[in-house]
Amino acid sequence: QKIALQVQAQLEKNQKDYYLREQIRVIQEELGEEGETDDDLGHMREQLEASSIPDEYKPKIEKEIDRLERLPSHFPEYATQRTWVETLLELPFGKITPERHDLTRARRILDRDHYGMVKVKQRVLEYLAVRKLLVESEGDSALRGPILCFVGPPGTGKTSIAKAIAESLGRRYHRLSLGGIRDEAEIRGHRRTYVGSMPGRIIQAIRHVNTDNPLILLDEVDKLGSDFHGDPSSALLEVLDPEQNNSFRDHYIEIPYDLSKVLFITTANTVETIPSALYDRMEIIEVSGYTEAEKIEIAANHLLPRERKQHGLTGANLQVTRPALAKIIQGYTEEAGVRQLEREIARLCRRAAIVIAEAAEKGKSQSLRVTPRNLIDLLDKPRYSYDMADKEDQVGVATGLAWTWAGGDTLVIEVNVMPGTGKLILTGQLGDVMKESAQAALTYTSSRSQSLGLDPEKIKERDIHIHVPAGAIPKDGPSAGITLATALASALTGWPVRHEIAMTGEVTLRGRVLKIGGLKEKAVAAHRAGIRSVLIPK
């Protein structure tokens with residue numbers, strides 16, 4: 001009886017609701033107010049007619065709009081269907097923004113926003129020049145957009161150069177951050193049968209910019225994750241492959257979408273963690289760290305004016321000399337980019353604001369000129385110091401050069417020889433590659449014992465200890481091979497190594513020095529430490 005009563009009550013409520021809704025509809029008709037729903041559906045049909053959606057897919061959408069007409073608007077399925085149709089109608093399908101091919105203007109924009117970066121600017125101008133010639137000869141931009149990937153340390157302007165490229169091309173710009181994305185549906189969208197389903201980020205970006213030829217920046221492509229939800233890097237293959245992306249299928253919209261006119265640019269800090277299949281489809285452009293001279297120009301022309309404005313200062317009441325900027329770069333930052341430099345300039349502006357504000361209260365001069373002499377008073381003691389490990393030639397000590405995420409660094413290698421049984425001791429938290437380099441260096445040095453004037457039997461009676469200072473920092477890489485061999489030869493022969501020379505390169509068992517990478521960063525590190533001669537493999 002209880003169940004019967006509950007069912008009866010529910011049926012009566014549903015019947016009452018339906019009856020009231022029908023009354024509302026009839027009243028609206030009597031007043032001459034057509035239902036909003038009918039108007040909306042009519043508008044959707046007009047949009048569909050005007051849309052550039054391929055003709056073979058239009059009947060399917062028309063069918064869905066007819067279905068919406070028959071569905072009561074309070075049904076949950078109604079909202080899902082309507083959202084799907086609206087999303088499709090909002091996509092640009094072939095709508096294109098006119099492109100600019102003015103090379104002089106593009107060069108001016110790139111030079112205005114970025115100092116240095118010669119390779120990157122050159123590649124952008126190449127792309128523009130080819131595009132311009134193609135449009136003039138064929139009347140249509142038939143060139144498929146290359147997938148450029150800017151790889152370099154943080155703070156070197158990878159993201160901002162993409163913005164400058166979009167401006168110089170006259171394309172709309174959209175940035176997608178891929179860091180930490182681990183769900184394939186983020187790229188390809190969800191099936192529309194699920195509650196709360198939505199298109200993937202690529203289609204959302206196209207919908208947002210409302211054009212088929214934007215510039216989409218896929219930021220931090222090396223930080224994609226993957227788990228049981230799928231592998232987003234594999235889903236990106238279809239987006240980035242020029243052979244496939246002219247018919248990209250998003251799970252939500254279900255209609256193939258042409259992404260071939262989109263200019264995709266990706267950024268990464270390192271190529272090691274980019275999936276190999278994805279890496280293969282991209283053109284890698286290395287964005288190296290800035291030299292001290294470049295940083296001074298960036299600070300003087302870009303960072304200082306911006307920070308002064310943000311802190312209520314002007315060029316009249318705060319002046320920073322170039323030697324002071326050089327001192328900030330040398331003593332307060334250790335990086336390849338300019339993010340820390342920007343923070344230090346902001347700190348300088350805050351300290352200067354106190355001095356200027358207090359002077360104004362006392363009725364004194366309201367201007368401050370920062371020089372290397374008064375910089376320490378404003379920014380406290382420098383955090384970093386770069387100098388040669390030794391001021392004189394030493395036995396068993398050689399200076400190497402290493403590439404690090406922050407640019408480059410000098411590496412002092414010390415070797416000591418003592419009576420023993422021919423053991424090789426390695427300390428300083430060295431990685432496997434560096435340990436093997438030390439073994440190879442010892443084998444090579446022993447093989448040259450005759451020309452070095454050493455007795456091979458006496459080498460067997462000695463223990464050799466190799467140490468790389470700053471033991472708390474892990475060190476690895478093959479480029480220390482030549483430095484290890486030189487320090488070993490020096491320790492065994494008793495001949496000192498010239499202290500003002502640095503060297504880099506992997507050494508083989510036969511004594512050949514192999515080619516190196518990161519020369520700019522290594523050379524900058526040597527210059528910073530006061531070294532004037534660098535040995536580079538030919």
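Since the structure is predicted, the reported quantities are computational estimates derived from the model, not experimental observations.
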Provide the closest heavy-atom pair for R131 versus E99 in the form atom of the first, atom of the second, distance.
NE-OE1, 3.1 Å

Lys/Arg-Asp/Glu bridge criterion (N-O < 4.0 Å) met for K13, D17:
yes

Counting only heavy atoms from other residues, nucleotides and ligands, does the tally under 6.0 Å from OH of Y57 exceed 12?
yes

For the residue pair E254 and K60, establish whether any side-chain heavy-atom pair is separated by less than 4.5 Å.
yes

Check the pair T270 / E272 against side chain to side chain donor-acceptor pair (under 3.5 Å), numbers first and verdict last.
CA-CA 6 Å; T270 172; E272 275 78 33; 2.3 Å; yes

Which heavy atom of S51 sits nearest to which heavy atom of K58, and what is that distance?
O-NZ, 3.1 Å

State, with a plain yes or no, whether a side-chain heavy atom of L240 is found less than 4.5 Å away from one of N245.
no

Between Y78 and R82, does any side-chain donor sit less than 3.5 Å from a side-chain acceptor?
yes

Start with the C-alpha distance between D241 and R281, add both sets of side-chain angles, then the distance that settles salt bridge (charged side-chain N to carboxylate O under 4.0 Å, His left out), and finish with yes or no.
CA-CA 6 Å; D241 192 340; R281 283 160 172 82; 3.0 Å; yes

Can any side-chain N or O of D222 pair as donor or acceptor with the backbone N or O of T273 at less than 3.5 Å?
no

Closer than 4.0 angstrom, basic N to acidic O: yes or no for E64 and R67?
yes

Main-chain N/O of G152 paired to T156 side chain as donor or acceptor, under 3.5 Å
no

When rounded to the nearest 0.5 angstrom, what is the spacing between NZ in K295 and CD1 in I298?
8.5 Å

At what distance, to the nearest 0.5 angstrom, does CG of L128 lie from CD of E126?
10.5 Å

Between K522 and T504, does any side-chain donor sit less than 3.5 Å from a side-chain acceptor?
yes

Between S197 and T193, is there a donor-acceptor pair closer than 3.5 Å when you use the side chain of the first and the backbone of the second?
no

Flag the pair E167 and R112 as a salt bridge only when some basic side-chain nitrogen lies within less than 4.0 angstrom of an acidic carboxylate oxygen.
yes

Is the F93 to Y257 ring centre distance short of 6.0 Å?
yes

Just do the side chain to side chain contact (heavy atoms under 4.5 Å, CB included) check on T159 and L217 with the steps written out, would you?
CA-CA 8 Å; T159 304; L217 175 70; 3.5 Å; yes

Would you call S367 and L318 a side-chain contact if the rule is heavy atoms closer than 4.5 Å?
no

Neighbour count >12 (heavy atoms, 6.0 Å) for atom CZ, R192
yes

Flag, side chain of S479 to backbone of E506, donor-acceptor distance under 3.5 Å:
no

Starting at CG of L237, measure out to CG of L278 and round the result to the nearest 0.5 Å.
5.5 Å

How close do L103 and A129 get, counting heavy atoms only, and between which atoms?
CD2-N, 3.8 Å

Would you check, one step at a time, whether the test side chain to side chain contact (heavy atoms under 4.5 Å, CB included) holds for R308 with I345?
CA-CA 9 Å; R308 269 200 300 237; I345 290 172; over 6 Å; no

Heavy-atom nearest pair, T211 first then K95, reads OG1-O, 3.4 Å

Tell me if the CD atom of Q47 is crowded by more than 12 foreign heavy atoms within 6.0 Å.
yes

Trace of the side chain to side chain donor-acceptor pair (under 3.5 Å) decision for R207 with Q204
CA-CA 5 Å; R207 182 181 173 187; Q204 282 182 38; over 6 Å; no

Output the distance between atom SG (C349) and atom CD (E307), rounded to the nearest 0.5 Å.
6.0 Å

Got more than 12 heavy atoms from elsewhere within 6.0 Å of CZ, R182?
no

R172 and L215: side chain to side chain contact (heavy atoms under 4.5 Å, CB included), yes or no, with the steps?
CA-CA 6 Å; R172 289 184 188 164; L215 185 148; over 6 Å; no

Would you call V320 and L348 a side-chain contact if the rule is heavy atoms closer than 4.5 Å?
yes

Check the surroundings of atom NE2 in H114: do more than 12 heavy atoms from other residues, nucleotides or ligands lie under 6.0 Å from it?
yes

Please step through salt bridge (charged side-chain N to carboxylate O under 4.0 Å, His left out) for the pair R528 and E292, ending with a clear verdict.
CA-CA 9 Å; R528 199 168 48 197; E292 189 180 303; over 6 Å; no

Would you call Q122 and K119 a side-chain contact if the rule is heavy atoms closer than 4.5 Å?
no

Are any of the side-chain nitrogens in R347 or E344 under 4.0 Å away from the carboxylate oxygens of its partner?
yes

If you measure from CD1 on I356 to NE2 on H311, what distance do you get to the nearest 0.5 Å?
11.5 Å

Under 4.0 Å between a Lys/Arg side-chain N and an Asp/Glu carboxylate O for E238 and R188?
yes

I need the single residue from I202, V262, D250 that forms a side chain to side chain contact (heavy atoms under 4.5 Å, CB included) with V239. Which is it?
I202

Rounding to 0.5 Å, atoms CD1 (I296) and CG (L303) come to a distance of 12.0 Å

Assess the residue pair C149 and E283 against the criterion (side chain to side chain contact (heavy atoms under 4.5 Å, CB included)); give the C-alpha distance rounded to whole Å, side-chain angles, the decisive distance to 0.1 Å, and a yes or no.
CA-CA 6 Å; C149 181; E283 182 183 332; over 6 Å; no

Side chains of N269 and K223: any donor to acceptor distance under 3.5 Å?
yes

For the pair R175 and D219, find out whether any cationic side-chain nitrogen is under 4.0 Å from an anionic carboxylate oxygen.
yes

Is the shortest heavy-atom distance from the side chain of I265 to the side chain of I216 under 4.5 Å?
no

D432 atom CG, neighbour heavy-atom count above 12 within 6.0 Å:
no

Looking only at non-hydrogen atoms, find the nearest pair between A300 and P305 and report the distance.
O-CD, 3.4 Å

Taking all non-hydrogen atoms of both residues, which atom of L88 and which atom of I53 are closest, and how far apart?
O-CD1, 4.0 Å

Determine, step by step, whether R70 and D66 satisfy the salt bridge (charged side-chain N to carboxylate O under 4.0 Å, His left out) criterion, reporting the C-alpha distance in whole Å, the side-chain angles of both residues, the deciding distance to 0.1 Å, and the verdict.
CA-CA 7 Å; R70 293 194 299 273; D66 291 344; 5.6 Å; no

Just checking, any donor-acceptor pair under 3.5 angstrom between side chains of Q340 and E334?
no

Count the heavy atoms of every other residue, nucleotide or ligand shown that sit under 6.0 Å from CD of Q310, and state whether that count exceeds 12.
yes

Go through D111 and K121 one step at a time and tell me if the salt bridge (charged side-chain N to carboxylate O under 4.0 Å, His left out) criterion holds.
CA-CA 8 Å; D111 288 340; K121 290 177 184 175; 3.0 Å; yes

Heavy-atom side-chain proximity of Y332 to L375 below 4.5 angstrom:
yes

Heavy atoms, side chains only, cut-off 4.5 Å: are H190 and Y252 in contact?
no

Around atom OH of Y18, are there more than 12 heavy atoms of other residues, nucleotides or ligands at under 6.0 Å?
no

